[in-house]
2 protein chains.
Amino acid sequence: MNNNLDKIFAALGDSTRREILIMLLEDDMAVTDVAEPFDISLAAISKHLQILSKSGLIVQEKRGRVKWCKLQMHAMRDAAIWMESFGQFEQLNFDAFEIFLKQEKILHK
Amino acid sequence: MNNNLDKIFAALGDSTRREILIMLLEDDMAVTDVAEPFDISLAAISKHLQILSKSGLIVQEKRGRVKWCKLQMHAMRDAAIWMESFGQFEQLNFDAFEIFLKQEKILHK
DNA sequence: CTATTATTCAACCTTTTGGTTAAGTAATAA
DNA sequence: TTATTACTTAACCAAAAGGTTGAATAATAG
């Protein structure tokens, strides 16, 4: 039970993987390109990507010889919801917060 | 770098530890009482609590022969900020977020 | 002082994690 | 057809994680 939260949080518990996720925010990437900025082997990156896949935080889709990595925001959201529902983040209304932030932006301009 | 996010997320990546945190939401607890609902040894719970301590998610304070476990919400918040600032809440102003939360609380009373 | 209670520590075990290198597969380019 | 490119897999390793039991420590109760 709660197996996926386990996997999501565990996946986020490694800074290499968090960096990969941040990179994927910008665009989908091929495995080789994901590996490029890191100082570890391609095989190690391949394993990190498998962990991210199993957690649901990314999906990988093969087209030709290239395997594309694509961020899956909704998986992260599962973990975010757990945190939000925890303590002071209880029943946090994200939409309301977004509206609030926009208003703040206008006020501070 | 980002060592503490590593530890916080890793700590959250275990359902026993997440359950402990939920228990501590209600009140501070002694180690023995934390262990009570679980099917594992006291020593194992003691280790889980050490991991939670090192992550900063709890603090333990010894009074007499009892060691009290106390939730530290701000540590969880570090991880929450990372998640919130990921993707849809880019450039999140946490002060604004706190103000928002306070307003929300007042509104829901 | 002696038991009891609360908790940790030490030694051990198994599985997982994060890394390596070398070989294997599969698609494309020459 | 033969390289080359883009990966994954296999075999290995060291360290960490999550568990166990049994002994140690330390505070309180009797």
Which parts of nucleotides 25-30 of chain C does protein reach within less than 4.0 Å, heavy atoms only, written one letter per nucleotide 5' to 3' as B for base, S for sugar-phosphate only and - for none?
--BBS-

Nucleotide by nucleotide, 5' to 3', does protein get under 4.0 Å of the base (B), only the sugar-phosphate (S), or neither (-) in nucleotides 12-25 of chain D, counting heavy atoms?
------SBBB----

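Near DNA chain D, meaning a heavy atom under 4.0 Å from it, residues 27-35 of chain A has A/Ala30, A/Val31, A/Thr32 in order of number.
Contacts of B/Ser41 classified as side chain to side chain contact (heavy atoms under 4.5 Å, CB included), with partners at least two apart in sequence or in another chain: B/Ala43, B/Ala44. Evaluation of the side chain to side chain donor-acceptor pair (under 3.5 Å) rule for A/Gln72 yields no partner, not counting sequence neighbours. Residues meeting the salt bridge (charged side-chain N to carboxylate O under 4.0 Å, His left out) test with B/Asp33, sequence neighbours left out: none.
The distance between atom CD of A/Gln60 and atom C1' of D/dA6, rounded to the nearest whole Å, is 12 Å. Rounding to whole angstrom units, CH2 of residue A/Trp68 and P of D/dC7 are separated by 8 Å. Going from atom CD of A/Gln50 over to atom C1' of C/dG19 covers 14 Å, rounded to whole Å. In this structure, A/Ile20 places its CD1 atom 11 Å from P of C/dG18, rounding to the nearest Å. One can place CD of B/Glu36 at 16 Å from C1' of C/dT5, the figure rounded to the nearest angstrom.
Under 4.0 angstrom from either OP1 or OP2 of D/dC7 there lies no side-chain N or O belonging to A/Ser46.
Although no hydrogens or angles enter the test, the distance criterion places no donor-acceptor pair under 3.5 Å between the side chain of A/Ser46 and the main chain of A/Leu42.
Using a 4.5 Å heavy-atom cutoff, the side chains of A/Gln60 and A/Leu52 are not in contact.
Salt-bridge check for B/Glu61 with B/Arg63: passed, with a basic side-chain N closer than 4.0 Å to an acidic carboxylate O.
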